[in-house]
Every structure is written in structure tokens, then in C-alpha cells.
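Presented below is the structure to which this report refers.
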Amino acid sequence: MVNFRKNFSKLFNLILAVAFFIFGLLVDIIGKNFETQPIYKDVFKILAFLFFFFYIKVNWKRESIPLRRLVAILILGVVLITLTLTLSILSVNFEFQEKSNILIPVNFLTIFISNLVTLIVGVSSLILLFAIRDIFYYKQKKNTARNFLILNLLLIATAISSFNIDPLDSRLLTKILFGLFIFSTFIFSFKMPWIVYLTKKDKALTILFSFLVIVSFSVLSVLYQDSSQTGKLVLYYSPVIYNFTKGIFSLIVIYSIIAFLSTIFHLPTADAFDKKMNEISSLHNLSKLITQVLDFDELVSTVTKTTLEVCEAEASWLEINKTFLKPNHKYKSFETDSSFAVIAHLNISPQDIKVINESLIINLREKIATDRKPLIIQNFKMESSGKENNSKVGSLIAVPLITRDELFGVLYATKSMEYGFDQEDLDIASAFADQAAIAIDNSKLIEKSIERERLVREMSLAQGMQQKLLPQRIPEIKAIEIEAFFSPAFEVGGDYYDFLMIDEQNLAIVIGDVSGKGISAAFYMSEMKGIFQSLCKIFPSPKQFLVKANEVISASIDKKSFISLVYATLNLETGLLRVARAGHCPIIHSSGTEAKYIRPNGIGLGMGNNKLFEKFISEVEIKLSNNDVLVFYTDGITEAHPTGGEEYGYTRLLETVKRNQSKSAIEIRDEIISSVNQHTNNEPPFDDITLIILKWFGKKIGDKDERF
Amino acid sequence: MNDFKIKIREQSDVQIIDLKGYLDAHTASEFEQTMQKLINEKKFNILVNCKNLSYISSAGLGVFMAYIEEVRKYKGDIKLANMPPKIYNVFDILGFPLIYEIYNNEEEALKKFLKKS
């Protein structure tokens with residue numbers, strides 16, 4: 001419905017235009033022999049073209065490329081010339097009799113032809129007006145529309161000033177207005193911003209087309225001058241339309257002459273301008289790219305591509321510091337030396353880059369690193385050592401990429417020509433490199449922060465796992481006091497401990513540290529817990545237990561990972577302690593005034609095959625006396641240190657245990673922890689801290705109870 | 001952040017890696033890359049000088065373990081030298097001296113390499 005209405009309103013203009021046109025034709029037929037023409041004759045005709053104007057205006061599609069409009073104008077001009085000449089050649093019998101200033105058609109055919117020709121020429125003029133407007137409005141400024149309106153008003157005023165006049169008569173006012181119109185056409189035509197932005201090729205085309213437009217519309221102006229037969233056809237129809245058409249033709253001729261001349265004047269600078277435009281659009285592309293820093297790979301390849309464009313080089317590559325790459329990155333890179341790698345190259349092979357680096361006498365990158373300035377090699381052959389110089393490089397520029405005062409990369413571009421780069425190329429390449437440096441740096445920062453976020457999430461997950469794996473409560477056993485302390489580090493350190501009654505007499509204690517951190521450490525911990533819970537009842541000897549555990553762990557553990565473990569069993573009847581150690585911190589046995597480390601041999605679980613492991617592992621047996629203290633711990637205790645300071649160490653730990661030997665398990669635990677905290681000035685721990693204190697009261701504990 | 005630096009020297013067909021600073025879970029990957037590179041280049045005689053190593057975590061120890069098998073398969077070895085006492089202690093507790101040759105100084109280790117070849 002809406003569509004129909006819209007179409008109807010479009011059609012409405014056309015219907016009215018045609019209707020008025022037919023009225024005009026009828027008036028002409030009726031008044032064929034009249035010597036004075038009625039006023040409404042002109043009114044009908046002006047209205048007809050006014051509605052044609054509206055019809056075209058509504059249907060007009062703007063074209064933003066001036067050159068295309070110029071071509072359209074040329075085509076229309078050529079069509080009009082062809083039609084007009086065809087009319088003359090056909091020698092159709094049309095003629096006017098001139099009586100004073102009045103034209104009287106000799107026959108009805110003349111009237112028809114007059115109407116037809118005016119229809120074609122008039123409507124074409126309206127189209128030409130819109131076409132010229134498109135060109136005029138290119139890169140329109142505040143006063144563009146105003147200028148064009150002035151031009152149109154003068155044109156309409158010129159046309160209207162000849163309203164209701166005898167065709168061959170003319171008014172002074174019309175001449176003055178037409179003069180003003182031509183003058184303002186000159187003035188306003190001098191603003192032609194579109195020519196400046198044309199490429200060199202388009203400028204050449206503009207010269208050609210504007211010349212042809214000048215020729216064709218000059219021909220048209222001559223064909224339709226008031227003394228010619230064809231001119232009289234339009235004049236007879238309406239002097240208003242005639243003047244309008246004449247104005248449009250003049251406008252086009254003048255505008256084209258000025259376009260032609262100014263394009264010629266712009267031709268010498270066309271090359272330089274092309275280059276500048278290229279630079280601008282390349283830089284513009286890069287600034288867009290800065291917002292797309294999420295894909296590092298794409299970023300670096302665009303950087304090399306844009307380098308190529310901004311300095312019109314033939315090859316380019318980007319070399320950056322390897323610390324800027326993620327470990328195990330997936331970028332297609334190759335190393336140039338121990339600290340730098342080429343991560344993007346365009347139109348040049350890695351092999352050629354190596355040849356270039358090797359054949360130069362100076363070390364390009366080192367020079368740039370010290371100078372921190374762009375560098376230009378105008379004659380590559382002279383600067384190179386000569387050997388193996390079949391590379392296609394004539395000249396080369398190298399520009400540093402610097403962020404936060406640190407050189408992290410160098411951008412290179414080459415040309416096969418010697419002296420191929422000038423100072424301007426170097427300047428623009430440096431400006432570009434500054435932008436690229438920011439973009440690459442931002443990209444890295446984003447990558448890092450994403451990585452950090454992932455780590456934090458992984459850490460909290462791993463911590464949750466670890467907490468669940470550790471014993472929720474400490475067993476209550478008559479003959480002994482057991483206290484445990486566990487403090488997780490921010491990054492899960494992989495500490496693990498557990499207790500289990502193997503049978504009614506024997507308690508198994510395990511403490512260990514899984515290498516690595518985070519989720520993988522938590523994973524091995526859970527595997528360790530499974531092994532402990534299932535194997536400790538099957539293999540009562542600590543040595544056997546560890547050998548078996550190594551067998552199981554080695555099968556699943558990563559080559560780089562291992563688990564250090566102390567496994568002990570304590571007979572609660574006899575006080576016999578059996579300990580074996582797989583690369584873990586030795587336990588402390590404190591008895592009376594003596595305290596010492598118990599350190600049976602053994603390598604970490606997963607460090608060697610079973611044969612090797614079994615070869616080194618040994619077991620120690622100790623008979624505990626009343627009030628003996630055992631301390632199990634992880635390296636979180638011995639390696640605890642204040643920032644930049646000394647580690648807590650084995651000596652301090654042993655001394656602390658010895659000093660507090662007579663105290664209860666919980667007191668000893670607290671003394672050790674406060675001693676460690678004092679040493680580290682209460683700084684948060686770098687690693688998990690685990691501590692188990694076991695105090696033996698012997699079988700006689702029952703008697704003790706009785707005494708009280 | 002604690003710095004970590006790696007340098008590689010070559011002396012009579014032995015690759016000498018100088019480790020400096022803090023070798024932990026964050027810097028171990030750099031050490032790993034260095035080792036991987038040497039092995040890719042079929043350089044299996046590797047001597048690690050720990051003189052300036054101020055800390056080593058389990059992740060750092062893991063790097064040694066990751067390559068020892070392969071290196072020995074090709075009749076090479078990873079030997080260690082110049083360990084400060086504190087660093088030696090870490091290696092010692094885990095049982096490294098049972099599996100790896102650890103020397104007081106570089107010359108001794110180099111001599112061992114030469115004797116073998």
C-alpha cells in the first residue's frame with residue numbers, strides 16, 4: 001500500500017508533466033496562425049517542464065564519482081548532437097515564417113517537431129542539471145549547496161525573464177541575468193576539489209573527457225543558437241525553455257573548460273599526490289587495525305603489508321624479540337639469532353633474509369638497537385661484503401619498533417633499485433612503525449591479560465581440588481598426638497599429605513610434593529591419593545610401597561614431572577617407625593635433647609625407571625622412645641624466605657624442633673609456624689607449606705591416665 | 001620479577017649452558033626451549049653450569065629429567081657443574097646425584113666428556 005502510494009506520487013508528477021505538455025501542444029495547434037500568443041501557452045509549457053523536473057528529482061540517484069558523471073554528460077551530449085544532425089539530414093519539411101518577432105510554423109509537422117525536439121532537449125537539460133549537481137556536490141562544503149542554489153536561481157531568473165515574449169525578441173533584463181549567470185558559473189567552477197583526489201590515470205581520463213564534453217556542448221550551442229533552424233524549434237516552443245537550455249549548455253561548457261585546465265595544472269603533481277593518498281589510506285588501515293589486535297598473526301602480517309604500501313617497497317619483513325612471543329607460540333616464525341625471530345615476511349623468502357643479513361658488513365639490528373633511529377642503505381652492493389650477492393636488493397630501510405623505551409623489533413623494507421628510498425619514505429615508515437609498535441604491544445598486553453585470567457581461574461579450581469584431597473580430620477589415636485598444618489600458596493604448590501590405619505596396629509603417614517603447579521599438580525595429587533589409599537594395605541613395607549607407587553606413577557606421569565614423597569608406618573604397639581624416602585625432604589626425629597634428620601636414600605617418584613628406583617631406595621627403622629617427636633614437612637618450610645632474603649633452611653628448622661621438643665604436638669607446630677613467619681616477616685608464602693608433628697607417648701599412656 | 005638468563009657456549013664439542021637467576025615454573029619453558037633446540041641440532045654433550053643459579057623449583061628440575069633419557073640414548077649426557085651449596089641441596093634431596101654426574105667445576109666435567117669420546 002505504502003509502496004503503491006510512493007509509486008503513485010512519482011507517477012503523478014509524470015502524468016501532470018505529460019498532461020501539461022499535451023495542453024501546450026494543443027494550444028500550439030489551435031493557435032497555429034495566431035500572431036499574438038496567449039499567456040497560458042507559456043504557462044502550460046513551463047508547468048510541463050516543472051513537473052518533469054520534479055519527476056527527475058524524485059527518481060534521481062546520486063553518483064559519488066565525478067568522473068562517471070562526466071562520462072554520462074558526454075554521452076548525453078553526443079546523443080543530442082546525433083539526434084539533431086539526423087533531423088537536419090533527414091531534411092524533414094519544417095519551417096517558420098518570421099513576422100516581425102513572431103515565428104509562424106508553415107505546417108502542423110513543424111509544430112510536432114518543435115514539441116518533440118524541445119521535449120528531448122528540455123528533459124536532457126534537466127538531467128544535465130542534476131548530473132552537474134552531483135559533480136558539484138563532491139566533497140561538499142558548507143557553502144556548496146548555497147553556491148549551487150545561487151547558480152540555479154540565476155538560471156531560472158534568466159529563463160523566466162523571457163516569459164511571454166515574442167520568440168525573436170529579447171529583453172535587456174534577460175541579457176543582464178544571463179551575463180550574471182555566466183559570471184557566477186565561472187566563479188563557482190573554480191572550486192573543484194574532486195580533481196585533486198583523482199589518481200594519475202583518472203586525471204588523464206578527465207582531461208580527455210572534459211575536452212570531448214567541451215567540443216560536444218560547443219557544437220550543441222551552435223546547433224541551437226537562435227538564428228539556426230533547430231534553435232528556432234525550441235524558441236518557438238517557449239523562449240523560457242530555450243533560455244534554460246542555453247544556460248545549461250553554457251554551464252557545462254564553462255565548467256568543463258575549467259575542469260580541463262585545472263586537471264592539466266594538477267598533472268605534474270599527480271604522482272606525488274597518488275603516493276600521499278596511498279600513505280594516508282595505508283595509515284588509515286593500520287589505525288583501524290589497532291582495534292583488531294586480538295589476532296597477533298593477522299596483525300603482524302598486516303604490518304608488513306602496509307609497510308610495503310607506504311614506502312612502495314617490493315619486499316618487507318618484521319623481526320621481533322623472542323621474549324615477545326609466547327612459549328610454544330604457533331606463529332610461523334624463524335630465528336635470526338638467539339634472541340630475535342622473523343615473524344612475518346612478504347615477497348621475500350626466509351633464505352633471502354638470511355643471505356641479506358649475512359652479506360651486510362654491519363649488523364643491521366645491532367646498529368639500530370644502539371642508534372634507535374631508522375636506517376637507510378641506498379646502495380646495498382656497496383655495503384655488502386660481496387660474496388654470494390645474487391639477492392635482488394638494491395636499497396633497504398630498517399626502522400626500529402620501540403615501546404616503553406625498549407627496542408622489541410625491527411621493520412625492514414627493500415627495493416631492487418639502488419637509491420630507491422628517499423627521506424620521505426623513511427619518515428613515513430618511521431611514523432608507521434610507531435603506530436605498529438603500539439598495536440603489537442597492545443596485542444601482547446591483551447594476550448597476557450587473557451592468559452593471566454585463565455591462570456587465576458585454573459588456580460582456584462586446583463585449590464579447590466587440593467583442599468578436597470587433603471584429610472578433613474586428623475585421626476585420634478591414644479598412643480600419639482598428631483597435628484597437621486597446611487597453608488596453600490596462591491599458585492597451588494602440589495603439597496599432599498594423608499594418614500591411614502593400615503590395620504589395628506599400624507598407622508601409615510604420607511607426605512609429598514608434586515612437581516609443577518596448578519591443575520596438573522592437583523591431578524597428580526589425586527592420583528597419589530588413590531595409590532596411597534589402595535597400596536598401603538597391600539604393601540606394609542615403606543620401601544615396597546614406594547617401589548610399587550613408582551611403577552604406577554611412572555606409567556602415567558609426564559617426563560618432566562615427579563613426586564617427592566616420604567612414606568612411614570608406625571606400629572602403635574611397639575613404637576617401631578619404618579621410613580622410606582623418595583626424594584622428599586628428610587624427616588626430623590627428636591628424642592630428648594637430640595634432634596636429627598632421618599635421610600634414607602631414594603630418588604623422586606617418576607624420576608627413573610623401576611630398576612633404577614629400586615636400586616637407590618632404602619628403608620630405615622627407628623624405635624621411638626616416650627615423648628619422641630617426628631616432624632614431616634615440605635620444602636615450603638625450608639625454602640620460606642622474605643623477598644630477596646635467605647631461606648629458612650634446615651638448620652633453623654632443626655633448632656626450633658629441638659628447642660621445643662618437650663612441648664605438646666600442637667605447641668611445637670605453632671612454634672615452628674611462628675618461627676617461619678617471623679623469618680619471612682609474615683610475607684605470603686611462595687609455595688604450599690605443610691607440616692605434620694607426631695608425638696609418641698608410648699604404650700604406657702594408659703598408665704599415665706590412671707595416675708591422674 | 002626475578003630475572004632468568006641462559007647463555008650457550010661451545011667448547012670442544014660440548015655445549016655449555018650457563019644458567020643465571022631464578023629457574024621456576026615461569027622461566028622453565030625458556031630453559032626447555034634451549035634444551036630442545038640443542039637436541040634438535042643433534043648436540044647431545046650438554047654441560048649445565050649452575051654457578052649463577054640462585055633458585056631452582058621442581059619445574060626447573062623437571063627440564064633436566066625431560067631430556068636425559070633421549071640424550072643418553074644418543075650416547076650423550078647432561079652433566080652439571082659449579083652448583084652453589086643451596087642449589088646442590090635441592091638436587092641432592094631429590095636424588096639427582098644418583099642419576100646425574102655433578103662436578104665441582106666445569107673443567108672436571110669437560111674432562112669427563114673428553115675421556116668418554
Side-chain angles (χ1 to χ4, degrees), chain A residues 322-323 325-329 335 338-339 455 491-494 513-518 520-521 524 557-566 581-586 597 599-609 612-613 615-617 634-635 638-639 641 643-644 646-647 649-650 686-687, chain B residues 1-10 15 17-18 21-41 54-72 84-100:
Chain A
K322 281 197 288 187
T323 55
L325 300 174
K326 259 195 292 189
N328 311 321
H329 63 83
E335 289 177 8
S338 60
S339 50
L455 270 177
E491 292 180 278
V492 167
D513 189 353
V514 176
S515 79
K517 286 173 187 290
S520 73
Y524 290 129
I557 206 162
D558 176 56
K559 263 202 294 189
K560 301 182 273 195
S561 304
F562 53 87
I563 301 174
S564 72
L565 214 67
V566 163
R581 190 184 68 94
H584 193 73
C585 305
Y597 283 104
R599 191 176 166 166
N601 265 346
I603 60 172
L605 298 181
M607 274 180 64
N609 58 33
L612 206 62
F613 186 86
K615 183 176 147 194
F616 297 123
I617 191 96
T634 55
D635 58 5
T638 46
E639 286 179 5
H641 62 276
T643 308
E646 206 181 315
E647 289 178 356
Y650 292 90
F686 295 93
D687 199 357
Chain B
M1 215 41 221
N2 289 287
D3 254 355
F4 176 68
K5 287 222 166 67
I6 300 179
K7 260 190 203 156
I8 309 178
R9 293 173 282 143
E10 191 176 322
Q15 307 299 314
I17 303 179
D18 290 299
Y22 216 78
L23 180 53
D24 61 9
H26 302 283
T27 53
S29 62
E30 199 180 329
F31 182 33
E32 207 180 321
Q33 278 176 21
T34 308
M35 293 290 280
Q36 188 63 57
K37 201 183 131 209
L38 290 180
I39 284 160
N40 289 348
E41 292 166 1
S54 45
Y55 173 81
I56 184 161
S57 78
S58 57
L61 294 164
V63 179
F64 290 96
M65 285 166 42
Y67 295 104
I68 187 72
E69 231 174 276
E70 194 173 355
V71 164
R72 286 190 180 158
K86 200 183 81 181
I87 298 290
Y88 179 80
N89 203 21
V90 176
F91 278 91
D92 189 28
I93 283 179
L94 202 58
F96 259 68
L98 301 171
I99 306 174
Y100 294 80

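Quick caveat, the model's predicted, so the values are computed rather than measured. Sequence lines set the chain letters: A, B, ... in the order given, protein chains first and strands last, and positions in each chain run from 1.
No other option in B/P97, B/A25, B/G95, B/A66 has as many heavy-atom pairs under 4.5 Å with chain A as B/A66. Taking chain B as the reference chain and counting heavy-atom pairs below 4.5 Å, the highest number among A/E639, A/H584, A/M607, A/K615 is found for A/M607. The choice from A/S564, A/G608, A/G602 that makes the most heavy-atom pairs within less than 4.5 Å of chain B is A/G602.
B/T34 contributes atom OG1, which lies 11.5 Å from atom CD of B/Q15 (distance to the nearest 0.5 angstrom).
For B/N89, the part sitting under 4.5 Å from any heavy atom of chain A is the side chain, from C-beta outward, and nothing else. Contact of B/Y55 with chain A is made through the side chain alone, with heavy-atom distances under 4.5 Å.
In summary, the side chains of A/T638 and A/D635 do not present any donor paired with an acceptor at a separation below 3.5 Å, with no hydrogens or angles considered.
Remark: B/F64 engages B/F31, B/F91 in a ring-ring contact (aromatic ring centres under 6.0 Å, His included) (not counting sequence neighbours).
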Open item on the list: Run B/H26 and B/F4 through side chain to side chain contact (heavy atoms under 4.5 Å, CB included) and show every step you take.
Closed with: CA-CA 10 Å; B/H26 302 283; B/F4 176 68; over 6 Å; no

Open item on the list: Set out, in order, the CA-CA distance, both residues' side-chain angles and the distance that settles side chain to side chain contact (heavy atoms under 4.5 Å, CB included) for A/I557 and A/I563, then state yes or no.
Closed with: CA-CA 9 Å; A/I557 206 162; A/I563 301 174; 4.1 Å; yes

